[in-house]
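Values below: all heavy atoms of this structure, side chains included; hydrogens, waters and symmetry mates excluded. The sequence lines fix the lettering, A, B, ..., with proteins before strands; numbering per chain opens at 1. Values in this document were obtained by computation on a predicted structure and should not be read as measured data.
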Amino acid sequence: MASKIQSVKGTREFYPEQMFLRNFIYEKVRAASQAFGYQEWDAPFIETIDLYAAKSGEELVKKQSFTFQDRGGDFVTLRPELTPSLARMIAAKQGELNFPVRWWSFGPFWRYEQPQKGRSREFFQWNIDMLGVNSPEADAELIAVAATFLRSVGLNPERAAIYVNNRRLMDSEFDALGIVPEKRLDVSNLVDRRSKMEPSKWESYALELGLTQVQVDGLKEVLGNFNLWKKSDELTRLFAALEALGVKDYVKFDPNIMRGLLYYTGTVFEAFETSGSLKRAILGGGRYDNLLSDVGGQPLSGVGFAMGDVVAGIILQENGLVPEFVPTSASVLVTVFDESMWLKSFEMAAQLRREGLDAMVFPEPAKLQKQFKFADKMKLKIVLTIGPDEVANDQVAIKNLVSGQQVVVERGAVVNTIKEMLNA
RNA sequence: GUGCCUGUAGCUCAACGGCAGAGCGCUACACUGUGGCUGUAGAUGUUGAGGGUUCGAAACCCUUCAGGCACCCCA
């Protein structure tokens, strides 16, 4: 129902079940990052708008950022991306960092966009970068990190693929077609749109942009040539490294992968789910040069990628790859028989916790039926009952909700009995 | 920022301009010391919000909010 005060459009509310999914993604992200030795880091969530004005696209800064004046009159921006902050932080300690720097981060970002499937105004993003090495082998490592993540969540190569291209290769192909550098942005845009448009419409659009028919035909030939990578030394080395890293089954060359022109200068890549119910990339990245030129650092090359939690989460759910939701860490519920037994139950629960068992006590002496029902819905495995009969004999009734069996044991044997049931 | 579609019970959805309903879930009881399964009974509600047309609006019109699809963009 509509509440009086709604959440801000495009923001996310994480009920425990959604939080479980977010944490699942976070854990897999961390595992993949750490498997390659990357260090976790983070940057401020709010930055001055100037940080983005320098390097980010105009669209991003002017139209799609959450920017407002703080109480002192300065313009601040909720971070729409992490790379500018990375550049500043690297530049600030460029002389003392131990290169190559391998850093990863997972945190919130905001972009003022039209919310729709796979896209919200508030999202979490995994960023991972290697800085200070410029080689196809370093590019291969980042692609291997991405592949490791995909594999770890169960998206095997039949379900997901990483498509790779190279900016320098495409530039030389564009040169060969006589496409002048000033037209590159348009042509890059054109390539991005090809999969979304009817072939005939795409072609007339290309002609509208000022390409000649010969150039359009040449472009189509380039974009249809999946052996083009053999002309690129960088890609040849990249694929050799990917094979050695054991992830080549995930990777395909695709000359249609361009990505926005903002940072990328060499290898670029994007991962998609192959069934394609969502046409959005799961993750994307590539090699960039001159990362630090606008924040006062020495030239530095890097490679990295980013993955949003929204698309990744949808794809995991649609593929049935999210583990069953576990509502609580507790495996034991201690019921409260009646008011006179209340503190006995508290003492029992405290003892369980001292012995390393997560335990809940029902917060009031309700009917046992209600307490058991609560335990069942919360997927608790064990329910303890301490009633007058048990107290009289210094015993505790232990019911295993999975098997339905109940046993009554001496108080001193409770912890071991529970542990046996949980390990069975 | 643009275009199209949608909004009804907690959830999924019905209802020709004429009494707002079903399934699931929920509550109670069968079962006053025990969940699931079953049976019986019961309660669902500002039809997203605001205004208009009409004897009469969930339905038609306008505004607005939210969601979806596409454009734009994807840093």
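- What separates CD1 of Ile128(A) from P of A75(B) is a distance of 17 Å, to the nearest Å.
- Among the atoms of the strands shown, none is found under 4.0 Å from any heavy atom of Asn127(A).
- Salt bridge annotation for Glu141(A)-Arg102(A): present, with a cationic side-chain nitrogen under 4.0 angstrom from a carboxylate oxygen.
- Distance alone, capped at 3.5 Å, is enough to place a donor-acceptor pair between the Arg167(A) side chain and the Met258(A) backbone.
- Rounded to whole Å, the P atom of U64(B) lies 25 Å from the corresponding atom of A70(B).
- Counting non-hydrogen atoms under 4.0 angstrom, Asp389(A) reaches a base of the nucleic acid.
- Classification of the Trp229(A)-Phe239(A) ring pair by plane angle, with boundaries at 30° and 60°, yields perpendicular.
- Between the P atoms of G7(B) and C26(B), the separation comes to 27 Å (whole Å).
- You'll find that the side chain of Arg259(A) is closest to A75(B), out of C29(B), G35(B), A75(B).
- Between the C1' atom of C74(B) and the CH2 atom of Trp110(A) lies a distance of 19 Å, rounded to the nearest Å.
- Gln405(A) comes within 4.0 angstrom of nothing in the nucleic acid, heavy atoms only.
- When the side-chain nitrogen and oxygen atoms of Gln369(A) are compared with OP1 and OP2 of G35(B), one or more of them lie within a distance under 4.0 Å.
- Base-pair partner of G1(B): C71(B) (Watson-Crick or G-U wobble, both distances under 3.5 Å).
- Separating the C1' atom of U34(B) from that of U12(B) is a span of 32 Å, rounded to the nearest Å.
- Annotation: C11(B) and C65(B) have their C1' atoms spaced 22 Å apart (nearest Å).
- Taking atom CE of Met197(A) as the reference point, atom P of C73(B) lies 11 Å away to the nearest angstrom.
- The side chain of Lys367(A) places an N or O atom within less than 4.0 Å of a non-bridging phosphate oxygen (OP1 or OP2) of C29(B).
- Rounded to whole angstrom, the span from the CZ atom of Arg121(A) across to the P atom of A75(B) amounts to 19 Å.
- Taking atom CD1 on Ile382(A) and atom P on G35(B), their separation rounds to 17 Å, with Å as the unit.
- Gln406(A) comes within contact range of at least one nucleobase, with a heavy-atom separation under 4.0 Å.
- Base engagement by Gly404(A) is indicated by at least one non-hydrogen atom pair under 4.0 Å involving a base atom.
- Distance check on atom P: G21(B) versus G3(B) gives 39 Å, rounded to whole Å.
- Using cut-offs of 30° and 60° for the angle between ring planes, the Trp104(A) and Tyr26(A) rings count as tilted.
- Tyr112(A) carries Arg121(A) over the face of its six-membered ring, with the cationic atom under 6.0 Å from the centre and within 45° of the normal.
- Look at C60(B): its Watson-Crick or wobble partner, with both distances under 3.5 angstrom, is G52(B).
- Donor-acceptor pairing under 3.5 Å, judged by distance alone, is present between the side chain of Glu390(A) and the base of G33(B).
- Taking the side chain of Glu81(A) as heavy atoms from C-beta on, and the options A75(B), G33(B), U2(B), the nearest nucleotide is A75(B).
- Scanning both residues, Glu324(A) and Phe20(A), for their nearest heavy atoms gives O-CZ, 3.4 Å.
- Residue-level contact check: Arg193(A) touches the backbone only, with heavy atoms under 4.0 Å from sugar-phosphate atoms and none from bases.
- Place Asp192(A) and Gln116(A) on RNA chain B by their nearest nucleotides, and Gln116(A) ends up nearer the 5' end.
- Checking A14(B) for Watson-Crick or G-U wobble geometry (two distances, each under 3.5 Å) identifies no partner in any strand.
- Rounded to an integer number of Å, the gap from Tyr15(A) OH to C11(B) P is 10 Å.
- Across C73(B), C69(B), G36(B), the shortest atom-to-atom separation from the side chain of Asn189(A) is found for C73(B).
- Contacts of Lys399(A) with the nucleic acid, taken as non-hydrogen atoms under 4.0 Å apart, include base atoms.
- Nucleotide U34(B) forms a pair with no other nucleotide shown, judged by Watson-Crick or G-U wobble geometry with both contacts under 3.5 Å.
- Ring pair Trp110(A)/Phe123(A): centre-to-centre distance not below 6.0 Å.
- Here Lys9(A) lies in heavy-atom contact (under 4.0 Å) with sugar-phosphate atoms only.
- When Watson-Crick and G-U wobble pairs are counted only if both distances are under 3.5 Å, U6(B) pairs with A66(B).
- The separation between Leu333(A) atom CG and G35(B) atom P is 14 Å, rounded to whole Å.
- The interatomic distance linking Gln114(A) (CD) with U2(B) (P) rounds to 9 Å, in whole Å.
- The two residues Val153(A) and Lys28(A) have their closest heavy-atom pair at CG1-CG, 3.6 Å.
- Contact annotation: Lys373(A) does not reach the phosphate of C31(B) (side-chain N/O to OP1 or OP2, under 4.0 Å).
- Across the strands present, A20(B) finds no partner; the criterion is a Watson-Crick or G-U wobble pair with both atom distances under 3.5 angstrom.
- U47(B) and A9(B) have their C1' atoms separated by 10 Å, given to the nearest Å.
- Residue Glu113(A) has its side chain nearest to A75(B) when only U34(B), A75(B), G67(B) are considered.
- Using a 4.0 Å heavy-atom criterion, one finds that Gly285(A) contacts no nucleic acid atom at all.
- Nucleotides A75(B) and C4(B) have their C1' atoms positioned 29 Å apart, rounded to a whole Å.
- When heavy atoms are screened at a 4.0 angstrom cut-off, Phe337(A) is found touching base atoms of the nucleic acid.
- Take the nearest nucleotide of RNA chain B for Asn400(A) and for Thr11(A): the residue whose nucleotide is more 5' is Asn400(A).
- Without hydrogens or angle criteria, Ser301(A) side chain to Asp289(A) main chain gives no donor-acceptor distance under 3.5 Å.
- Taking atom P in both C74(B) and C62(B), the straight-line distance is 35 Å, to the nearest Å.
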